[in-house]
Amino acid sequence: TVTNAVASSAAGNFYGGSYLFDGTGDNLTIPASSDFDFGTGAYTIEMWFRTTLDSGWLFYDCGSSNQGMRICIGNNGSNSSNAGKLQFNEQVSNADDPQNGTSSVDNGNWHHLAVCRGASGDTTKLYVDGILEATGSANRNFDNNNTVYIGQRSDGTGTDFDGYIQDLRVYKGVAKY
């Protein structure tokens with residue numbers, strides 16, 4: 001479901017199109033599905049994005065269960081610590097495991113992010129523009145039944161994303177990187 005985000009042909013890293021989020025209540029939502037119940041298995045979440053702001057939510061799949069994947073710019077989607085850098089968090093039973101990227105992504109250029117984990121026992125990894133920047137814990141087990149939010153946190157806290165997102169892809173059972 002699209003809420004205020006606009007399909008745009010004005011900017012696109014590939015294919016001449018993307019979604020534009022203006023940082024004020026825009027989001028895409030994907031209904032709750034077992035497709036996002038990764039358990040301890042392999043998965044990949046990847047996308048291209050472009051922004052000039054140092055904070056904002058890109059992918060939020062936690063809901064009221066406090067269990068799922070969170071990907072943002074800045075610390076917990078805010079511009080405090082880690083401003084301008086990516087953060088991912090595999091949240092399990094309200095126990096956070098945030099991992100921070102190292103390169104600035106708020107420079108107005110297109111950037112590729114990928115969060116992936118191999119088979120059971122593997123650690124979760126954050127790649128930015130093809131470079132491994134952070135490694136999380138192994139064996140994080142999260143199954144959930146949450147609506148997925150793109151561009152905004154489900155409860156509206158933190159900073160809504162302001163920029164472009166293109167080619168969001170989620171692979172269950174595959175670690176592409």
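Positions are given from 1 along the sequence. Just so it is clear, the values below take in all heavy atoms, side chains as well, and ignore hydrogens, waters and symmetry mates.
- Note: Phe161 and Phe49 have perpendicular aromatic rings, judged against thresholds of 30 and 60 degrees for the angle between ring planes.
- Interatomic distance, Leu113 CG to Met47 CE, rounded to the nearest 0.5 Å: 5.0 Å.
- Leu28 contributes atom CG, which lies 9.0 Å from atom CG of Asp26 (distance to the nearest 0.5 angstrom).
- Remark: side-chain polar atoms of Ser55 are not paired, donor with acceptor, to backbone N or O of Gly74 under 3.5 angstrom.
- Remark: Asn82 CG to Cys72 SG distance equals 8.0 Å, nearest 0.5 Å.
- By the criterion of side-chain heavy atoms lying less than 4.5 angstrom apart, applied directly or through intervening Ile, Leu, Val, Met, Phe, Trp or Tyr residues, Leu53 is not grouped with Tyr149; the two fall into different hydrophobic clusters.
- In this model, a donor atom of one side chain and an acceptor atom of the other lie less than 3.5 Å apart for Glu133 and Ser103.
- A donor-acceptor contact shorter than 3.5 Å is absent between the side chain of Asp96 and the backbone of Pro98.
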Evaluate Phe36 against Val170 for side-chain contact (heavy atoms from CB on, under 4.5 Å), listing each step before the verdict.
CA-CA 8 Å; Phe36 299 98; Val170 178; 3.8 Å; yes
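- Contact between Gln152 and Gly25 at its shortest, heavy atoms only, is NE2-CA, 3.6 Å.
- A continuous path of Ile, Leu, Val, Met, Phe, Trp and Tyr side chains, each step under 4.5 Å between heavy atoms, connects Leu58 with Ile45, placing both in one hydrophobic cluster.
- Between the side chain of Arg153 and the main chain of Gly158, no donor-acceptor pair closer than 3.5 Å is present.
- In this structure, CD in Glu90 is found 10.5 Å from OG1 in Thr40, a value given to the nearest 0.5 Å.
- Listed here is the closest heavy atom pair of Asp97 and Ser137: OD2-OG, 2.9 Å.
- Counting heavy atoms from C-beta outward, Asn146 and Tyr60 have side chains that stay 4.5 Å or more apart.
- Taking all atoms of both residues into account, the shortest heavy-atom contact from Ala175 to Thr44 is CA-OG1, 3.3 Å.
- Of all heavy-atom pairs between Arg140 and Val92, the closest is NH2-N, 3.4 Å.
- Side-chain atoms of Ile73 and Val105, non-hydrogen and from C-beta on, do get closer than 4.5 Å to each other.
- In this structure, Ile150 and Leu168 approach most closely via the heavy-atom pair CD1-CD2, 3.4 Å.
- The closest side-chain heavy-atom distance from Tyr127 to His112 is not below 4.5 Å.
- No side-chain heavy atom of Ile165 sits less than 4.5 Å from a side-chain heavy atom of Trp48.
- When side chains are defined from C-beta on, Thr124 does not count as touching Gln99, because their heavy atoms never get closer than 4.5 Å.
- Here the shortest heavy-atom pairing between Phe21 and Ala5 reads CE2-CB, 3.8 Å.
- In the hydrophobic cluster analysis, where Ile, Leu, Val, Met, Phe, Trp and Tyr join through side-chain heavy atoms closer than 4.5 angstrom, Phe59 is grouped together with Val115.
- A distance of 9.5 Å separates CG in Asp61 from CD1 in Ile71, rounded to the nearest 0.5 Å.
- Distance OH/Tyr43 to CZ/Arg117: 5.0 Å, rounded to 0.5 Å.
- Contact annotation: the side chain of Leu86 never approaches that of Phe88 to less than 4.5 Å [non-hydrogen atoms, C-beta and beyond].
- For the pair Tyr177 and Lys125, the minimum side-chain heavy-atom distance is 4.5 Å or more.
- The shortest distance between side-chain heavy atoms of Val2 and Tyr19 falls below 4.5 Å.
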